[in-house]
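Order of the sequence lines sets the chain letters (A, B, ...), proteins ahead of strands, with each chain counted from 1.
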Amino acid sequence: HPASSKLVSRLVSLPLRNVTFICKYGCFGLAKLCCVDSRWEEERYTDGVKWKFLEHKGPVFAPPYEPLPSNVKFYYDGKHMKLSPEAEEVATFFAKMLDHEYTTKEIFRKNFFKDWRKEMTAEEKAKITDLKKCNFTEMNEYFKAQSEARKAMSKEQKQEDNERILQEYGFCIMDNHRERIANFRIEPPGLFRGRGDHPKMGMLKRRIRPQDIIINCSKDSKHPEPPPGTRWKEVRHDNKVTWLVSWTENIQGSIKYIMLNPSSRIKGEKDWQKYETARRLKKCVDRIRAQYREDWKSKEMRIRQRAVALYFIDKLALRAGNEKEEGETADTVGCCSLRVEHIKLYPENDGQEYVVEFDFLGKDSIRYYNKVPVEKRVFKNLQLFMENKEPDDDLFDRLNTSVLNKHLQELMDGLTAKVFRTYNASITLQQQLKELTSADENIPAKILSYNRANRAVAILCNHQRAPPKTFEKSMQNLQTKIDAKRDQLSDAKRELKSAKADAKIRRDEKSKKAVETKKKAVQRIEEQLMKLEVQATDREENKQIALGTSKLNYLDPRISVAWCKKWGIPVEKIYNKTQREKFAWAIDMADDDYEF
DNA sequence: AGCACAACTTAGAATTTGAACA
DNA sequence: TGTTCAAATTCTAAGTTGTGCT
């Protein structure tokens, strides 16, 4: 592993034969190769070569359809009807989702019914003409019972099979490492669940077969075998890409891939590189900002638009915003695809001048709502861009992501729109940590500060979540606990007081000791109470904010690692096991004085 | 320039796990 | 020893970016 040079320098001094080692990043190094080389140097490939050797077992297919037992019935118009296996399978997809809001949506129902009918026999087609007359409840209950039964299964039973499959299919050999594969299971068939108002929701996602699969591996590897009696669509040996398996999905016609886990060398290096690019932006961001401010005054409309868009991307951490094909996906936008209807201009609002109100649906149909004061020049430009336009016209009609990224490329090597999100997220975390952490606080309080810094970033990047269904209840539970702890504390304090009084009268060793014990108890309870209160604050502030996405994708992990080292916080408090695996390179690399 | 397509990152929801609690 | 709920993990949709063609 690129970051494991320390470990390897020890390794190379070992005898050559039969050296097995597990590098601390979890990959099983082929130690022999390393030693024969007599030094550890991962080859740095050039011209887009991603690997030299790649061997894997291929994908795990979805289990075949198991017809329902005959006592689980489907009713049409109140009458029992036995469905053909093909029609039955698609019906079960709908039945499984009966409790979900999707099944009440008109588009979902329409798309489902259309695709379902395609799977029906002629007789079924003739008979089943109205989805409203279909009764799937027995099927639905059957599946609920099934999942209950699964829950009741012992842990061993559940894990045994899984573990076997994981060991066989979950790893590959890429160059000198045994690496974990991310998604080695093929997506099972089902009904498409688009986000937001997706025109294709409810369509049938068909079952993927071996003849749909393209395998990618190295020529000199042991090729994966297709299941008996089947063939792969193709086996290729393209070492300029990182995927192992691909297939084309039938809803949008896009390609799906099986790739490596984030803990792998290939993903880790890319991630590291991403943060290095963002750090390079840090060095020249002042110049770039000065430049776009200058461009607000340009004679050319396209340059002004570009400059205002870039200002938004920088200041508000908006996404680039590619155009999308109408009717193929939900209507969502990013910066370059903003329409006139998505912003409102207020020359004055709540005592502030030149306020822009944003209200649009972004990625995953998450609403972006924000009112921001902007500079006068920006405001005037926006007025100009909106002149004589309809609400559904593009705000930046002379701009798209490709034009913008070409311009950015000229400003800095490797600069694209999304680098601004990475840069602003990471720099915000670093600043916030500096501001919020106070040396005299205990560990839980410091962690609250960390979470608050993380939260500032999540808010900047608009990472939202639906408030958990059980939120109110869980807050109440926590409050109950806090109240109980308060009572406990006052009891303990009372006991301490009486112990003190007792000690004053008796003046013996035993009662002195009792005072000490009580004092300790009070302290301990105070600490516990404080911890609970901090937890409550943290949870309340987090109600609609998702911290995970920024933590995983935008925050240079070295900032967090350095912070942990500086304040003596165990990294485990900040990163769970998976995250530590993903960020192993950073945990190894960063010292307490790391600066983004 | 404008496109289609390929490859890869980023995203929130759904499901599973496991720890805390009764 | 079962129950409950939050945390962890899995899943896969939805973005961005780059390339090559017309």
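Ring centroids of A:F93 and A:F112 are separated by 6.0 Å or more, keeping the two rings apart.
Contact between the side-chain N/O atoms of A:T242 and the OP1/OP2 oxygens of B:dC8 is found at a separation under 4.0 Å. Between A:T549 and B:dA11, a side-chain N or O to OP1/OP2 separation shorter than 4.0 Å is absent.
The nucleotide whose nearest atom lies closest to any side-chain atom of A:N553 is, among B:dA7, B:dA13, B:dA11, B:dA11. Of the listed nucleotides (C:dA13, B:dA11, C:dC11), B:dA11 has the atom at the smallest distance from the side chain of A:R421. Listed nucleotides: B:dG12, B:dC8, B:dA13. Nearest to the side chain of A:K267: B:dC8.
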After noting the C-alpha distance and the side-chain angles of A:Y169 and A:F184, does the key distance pass the ring pair (Phe, Tyr, Trp, His ring centres under 6.0 Å) rule?
CA-CA 7 Å; A:Y169 293 95; A:F184 54 89; 7.3 Å; no
Could you walk me through whether A:H463 and A:Y554 satisfy the ring pair (Phe, Tyr, Trp, His ring centres under 6.0 Å) test, starting with their C-alpha distance in whole Å, then the side-chain angles of each, then the deciding distance to 0.1 Å, before giving a yes or no?
CA-CA 11 Å; A:H463 292 142; A:Y554 289 103; 5.6 Å; yes
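Residue contacts shown for A:I251 are absent, as no nucleic acid heavy atom lies under 4.0 Å away. Residue A:K96 is out of contact with every strand shown, counting any heavy-atom pair closer than 4.0 Å. A:E249 comes within contact range of no nucleotide atom at all, as no heavy-atom separation falls under 4.0 Å. As judged by a 4.0 angstrom heavy-atom cut-off over every strand, A:A182 is placed among residues making no nucleic acid contact. Within 4.0 Å (heavy atoms only), A:P262 reaches no atom of the nucleic acid at all. Counting non-hydrogen atoms under 4.0 angstrom, A:Y554 reaches the backbone sugars and phosphates but no base. Contact annotation for A:K50: backbone-only contact, meaning every heavy-atom pair under 4.0 Å involves sugar-phosphate atoms and none involves a base.
The backbone N or O of A:F53 sits nowhere less than 3.5 Å from a side-chain atom of A:S218 that would complete a donor-acceptor pair.
The only member of A:R367, A:K363, A:K324 that meets side-chain hydrogen bond (donor to acceptor under 3.5 Å, both in side chains) when paired with A:T332 is A:K324.
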Are any protein N/O atoms closer than 3.5 Å to N/O atoms in nucleotides 4-8 of chain C? If there are, list each pair with its distance.
| unit_1 | atom_1 | unit_2 | atom_2 | d |
| --- | --- | --- | --- | --- |
| C:dC5 | OP1 | A:K473 | NZ | 3.2 |
| C:dC5 | OP2 | A:K473 | NZ | 3.3 |
| C:dA6 | OP1 | A:S474 | OG | 2.9 |

What are the atom names and distances for every N/O pair under 3.5 Å that joins the protein to nucleotides 14-17 of chain C?
| unit_1 | atom_1 | unit_2 | atom_2 | d |
| --- | --- | --- | --- | --- |
| C:dA14 | OP1 | A:R195 | N | 2.7 |
| C:dA14 | OP1 | A:H198 | ND1 | 3.3 |
| C:dG15 | OP1 | A:T332 | OG1 | 2.8 |
| C:dG15 | OP1 | A:D364 | N | 3.1 |
| C:dG15 | OP2 | A:K324 | NZ | 2.9 |
| C:dT16 | OP1 | A:A320 | N | 3.2 |
| C:dT16 | OP1 | A:G321 | N | 2.6 |
| C:dT16 | OP2 | A:N322 | N | 3.0 |
| C:dT16 | OP2 | A:N322 | ND2 | 2.8 |
| C:dT17 | OP1 | A:T416 | OG1 | 2.9 |
| C:dT17 | OP1 | A:A417 | N | 3.2 |
| C:dT17 | OP1 | A:K418 | N | 2.7 |
| C:dT17 | OP2 | A:N405 | ND2 | 2.9 |

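One finds the OG1 atom of A:T578 at 8.5 Å from the CG atom of A:N261 (value rounded to the nearest 0.5 Å).
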